[in-house]
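Input: a single structure, listed below in structure tokens.
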Amino acid sequence: IMAGLGLLALIVATIVGHILSGKAMVPLKAAYEKQRQFAADASHELRTPLAVVMASADLLQNDPSIKSPFLKQVIEDVRDEVKKMTKLVGDLLVVARSDNKALKLKPSKFDFGAVVAQTARLMAPLAEQKKITLVADRLPKAIIHADEQKIRQLVLILVDNAVKYTPEGGQVTVEFRKAEKGKVSLAVADTGIGISPEDQEKVFDRFYRVDKARSREMGGNGLGLAIAQEIVNLHQGDIRIESELGKGTTFIVTLKTKVKGKTKPLNMI
Ligand code: ADP
């Protein structure tokens, strides 16, 4: 009887717990929504003053009456920080926008291979600076129906990371992988520092950085992969990681060649 009563108590407690947590979910969701709206508004409002500061710093930089090397350096530092902040604010706006304006797809038909090669090439100067071999010229033609601008952003995030987290003399390879019919698979592989299995689960979280100091030094804010994941989800695609610490990392993105007209934006909460 005692065991039966215990079991009954457990069942009742579980049911009550479920009901309570169900009720608690409503205000919790509203609170998240408020927070998200606040982040969206704050980042939107910060854009204009940042643009003003940047324009002012540009003005100072070009002012011939400023001759002191110290002041010149100060102005340069201000510009660097404002640039970083502008990027952060822009990224924040993408992940926080509650009206999902930034997250709606504008699909069109384009050559995925050409877009990937072009985008990867944007990183060539940075790769060269670090003596990294950037291989992105073996991409065949692949016509897909997707949001070209967002696909460019996605490729840029992955190639930028690959270059950022690969030490001097390494290699970054951007290529297609074999995929099922009706799909394309893109691999961005590097010979860099790698990501541990525990961190592989977390790197898509907003603001998550394995090594905060290193990431900040590289100009990172921990939002890149969250945005990448969002773009992939919007396209009903898939993104995964293959990595070994100290050896390198490969991000593999698989997309349908034709995205469906109606897409449900991922709930960023
Ligand atoms: P960040 O702006 O810090 O680069 P991301 O969201 O793009 O932010 O990436 C999150 C974290 O994942 C990075 O801080 C880094 O620790 C790790 N990471 C991302 N890409 C790579 C890579 N190719 N190799 C090793 N670590 C990576």
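For ligands, and for the atoms within them, numbers begin at 1 and follow the listed sequence. Keep in mind the model is a prediction, meaning the values are calculated, not measured.
Residue contacts with ligand 1, taken as heavy atom pairs separated by less than 4.0 Å, do not involve Phe204 at all. Residue contacts with ligand 1 for Val210 involve both N, CA, C or O and side-chain atoms from C-beta outward (heavy atoms, distance under 4.0 Å). At a 4.0 Å heavy-atom cut-off, ligand 1 touches Asp190 through the side chain alone.
Any N or O atom pair closer than 3.5 Å counts here, and Asn221 shares at least one such pair with ligand 1. Residue contacts with ligand 1: Ile195 is placed with no nitrogen or oxygen under 3.5 Å of a nitrogen or oxygen of the ligand (distance criterion only). Between Gly220 and ligand 1, not a single N/O pair is under 3.5 Å apart.
For atom 9 (O) of ligand 1, the closest non-hydrogen atom of the protein is Leu225 CD1, 3.6 Å. In terms of protein heavy-atom proximity, atom 3 (O) of ligand 1 is nearest to Ser215 OG, 2.5 Å. The nearest heavy-atom contact from the protein to atom 21 (C) of ligand 1 is Tyr165 CD1, 3.5 Å. Atom 12 (O) of ligand 1 has Val203 CG1, 3.2 Å as its closest protein atom, hydrogens excluded (heavy atom only). Atom 11 (C) of ligand 1 has as its closest protein heavy atom Tyr208 O, 3.6 Å.
A salt bridge links Arg152 with Glu148: at least one charged nitrogen is closer than 4.0 Å to a carboxylate oxygen. Ion pairing between Arg240 and Glu242 holds under the 4.0 Å rule for side-chain N and carboxylate O. The existence of a salt bridge linking Glu175 and Arg177 is confirmed by a sub-4.0 Å separation between a basic side-chain nitrogen and an acidic carboxylate oxygen. One finds a salt bridge joining Lys87 and Asp91 here, because a Lys/Arg side-chain nitrogen approaches an Asp/Glu carboxylate oxygen to under 4.0 Å.
At least one heavy atom of Lys164 sits under 4.0 Å from some atom of ligand 1. Residue contacts with ligand 1 include Gly222, since one or more of its heavy atoms lies under 4.0 Å from the ligand.
In this pair, Phe204 and Phe251 present their aromatic rings perpendicular. The plane angle is above 60°, beyond the 30 to 60° band.
Val155 pairs with exactly one of Leu186, Val188, Leu122, Asp160 by the side-chain contact (heavy atoms from CB on, under 4.5 Å) rule, that one being Leu186. Each of Ile143, Thr257, Ile151 was evaluated against Phe112; a single residue qualifies, Ile151, per the side-chain contact (heavy atoms from CB on, under 4.5 Å) test.
Under a 4.0 Å criterion applied to the non-hydrogen atoms of Gly224, ligand 1 contributes the atoms 5 (P), 6 (O), 7 (O). Below 4.0 Å from some heavy atom of Ile193 lie the following atoms of ligand 1, by number and element: 25 (C).
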Derivation of the side chain to side chain contact (heavy atoms under 4.5 Å, CB included) call for His235 and Lys256: CA-CA 8 Å; His235 285 87; Lys256 293 179 185 170; over 6 Å; no
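Around the NZ atom of Lys247, the shell of radius 6.0 Å holds no more than 12 heavy atoms that belong to other residues, nucleotides or ligands.
In this structure, of Ile241, Thr250, Asn161, the residue bringing a heavy atom nearest to atom 7 (O) of ligand 1 is Asn161.
The hydrophobic clustering, which links ILVMFWY residues whose side-chain heavy atoms are closer than 4.5 Å, places Leu225 and Val210 together.
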